[in-house]
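Read the structure below first, then the notes.
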Amino acid sequence: MPATGNHRRRKSSSLTRGFIAVSAGGAALALPVIGATTAFAAPAQSVAAVTKNVAPAAAPAKGIAAAKAAPTVYSVIAGDTLYKIAAGQSVTGGWQQLYQDNREVIGANPALIHPGMKLTIGAKAEAPAADPKPAASSAAPATTKPVTYTNDLDGWIKESLAVMAQHGIPGSYDGIHRNIIRESSGNPKAINNWDSNAAKGTPSKGLLQVIDPTFKAYHVSGTSMDIYDPVANITAACNYAAAKYGSIDNVFGAY
């Protein structure tokens, strides 16, 4: 029996030394093998190694692009016109786009801006998201009655103003009427055969006394190509006045 006891102590001692030797040698096993069918998994990869393999997140390019595209605010000063501001600020689309971007601030008449008014330069209105399933309406669509205009000076001015509104051209009834009376006394067939333009072979014609090159350059689509046509003549002249003076309302003499 003592021999058996000694044998057991030596076996236990050998197992202990084996455990220490394995541990000191840095082996992957956490415990000694107990039986042929029992094993332990290798330790998980270190946190530092895992972290090192993670790719850095990409920079938020969208946020940078949005910052670069941010609009600016311009404060109107005395003597400003939308045309002058658009040209000075290099607005893409000219004064018409500037007016569209600030229509809620300016109002119905692009010519009426005043010192201190704040205009947004470079604003881009976002289109509302389309409703994929619009609600069905049982009500019949309302019919729009076509607008008719009288064939006289009053009707010509009003029809021209409607066309101008569609194209963002500034001008008021009073401003147009005042200039027509001075230029042609309301005669759509008026022609000036004696001034410097006439001497150059391009006499002024129509209600607002426009020369042919100017009429062609500032003709507004949707109107007649006849320079003597009242609506076409008024609209082209107002388009020219907007580009040069900001609005026909700012014209009080030869232009």
Side-chain angles (χ1 to χ4, degrees), residues 69-125 153 156-184 186 192 195-197 202 204-223 227 230-255:
T72 58
V73 176
Y74 178 86
S75 182
V76 176
I77 62 176
D80 269 345
T81 65
L82 291 184
Y83 176 79
K84 182 178 178 181
I85 296 171
Q89 299 296 318
S90 301
V91 176
T92 301
W95 70 265
Q96 293 94 335
Q97 184 60 50
L98 180 61
Y99 174 58
Q100 291 300 324
D101 291 342
N102 295 275
R103 189 161 189 156
E104 292 185 3
V105 176
I106 298 170
N109 189 348
L112 297 180
I113 61 174
H114 54 79
M117 181 179 286
K118 305 297 183 183
L119 304 181
T120 302
I121 307 294
K124 293 183 179 180
L153 183 57
W156 300 331
I157 295 175
K158 289 178 179 178
E159 185 174 354
S160 182
L161 283 169
V163 176
M164 290 163 60
Q166 293 174 359
H167 292 270
I169 301 172
S172 67
Y173 184 99
D174 291 341
I176 295 172
H177 187 274
R178 167 171 48 80
N179 282 285
I180 286 176
I181 296 303
R182 186 192 67 253
E183 293 292 335
S184 67
N192 185 324
D195 67 1
S196 58
N197 285 323
T202 55
S204 302
K205 302 174 182 177
L207 288 173
L208 282 170
Q209 292 292 279
V210 184
I211 61 175
D212 287 325
T214 300
F215 179 79
K216 291 177 182 178
Y218 291 91
H219 173 263
V220 178
S221 60
T223 63
I227 194 171
V231 174
N233 188 282
I234 293 172
T235 310
C238 288
N239 195 24
Y240 164 73
K244 189 169 184 181
Y245 304 102
S247 170
I248 190 70
D249 295 343
N250 298 330
V251 177
F252 293 91
Y255 66 111

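Listed for the Asn102 side chain is no donor-acceptor partner under 3.5 Å among the backbone atoms of Val105. Proximity of a side-chain donor or acceptor of Arg182 to a complementary backbone N or O of His177 within less than 3.5 Å is not detected. Proximity of a side-chain donor or acceptor of Asn233 to a complementary backbone N or O of Val210 within less than 3.5 Å is not detected. Counting only distance, with no hydrogens or angles, the side chain of Arg103 and the backbone of Ala108 share no donor-acceptor pair below 3.5 Å.
A side-chain donor-acceptor contact under 3.5 Å links Asp249 and Ser172. In this structure, a donor-acceptor pair under 3.5 Å is present between the side chains of Ser160 and Thr235.
For Tyr173, the side chain to side chain donor-acceptor pair (under 3.5 Å) criterion is met by Asp154, not counting sequence neighbours. Under the ring-ring contact (aromatic ring centres under 6.0 Å, His included) criterion, Tyr218 pairs with Tyr240, not counting sequence neighbours. Not counting sequence neighbours, Thr214 has no partner by the side chain to side chain donor-acceptor pair (under 3.5 Å) test. Shown here are the salt bridge (Lys or Arg N to Asp or Glu O under 4.0 Å) partners of Asp212, two or more places apart in sequence or in another chain: Lys205. For Pro213, the side chain to side chain contact (heavy atoms under 4.5 Å, CB included) criterion is met by Thr202, Ile211, not counting sequence neighbours.
The side chain to side chain donor-acceptor pair (under 3.5 Å) contacts involving residues 80-89 comprise Tyr74-Asp80, where partners must be two or more places apart or lie in separate chains.
Trp95 has its side chain out of reach of Ile85: every pair of non-hydrogen atoms, C-beta onward, lies at least 4.5 Å apart. With a 4.5 Å cut-off on side-chain heavy atoms, Val73 and Ile121 do not count as touching.
Listed here is the closest heavy atom pair of Phe215 and Ala232: CE1-O, 3.6 Å.
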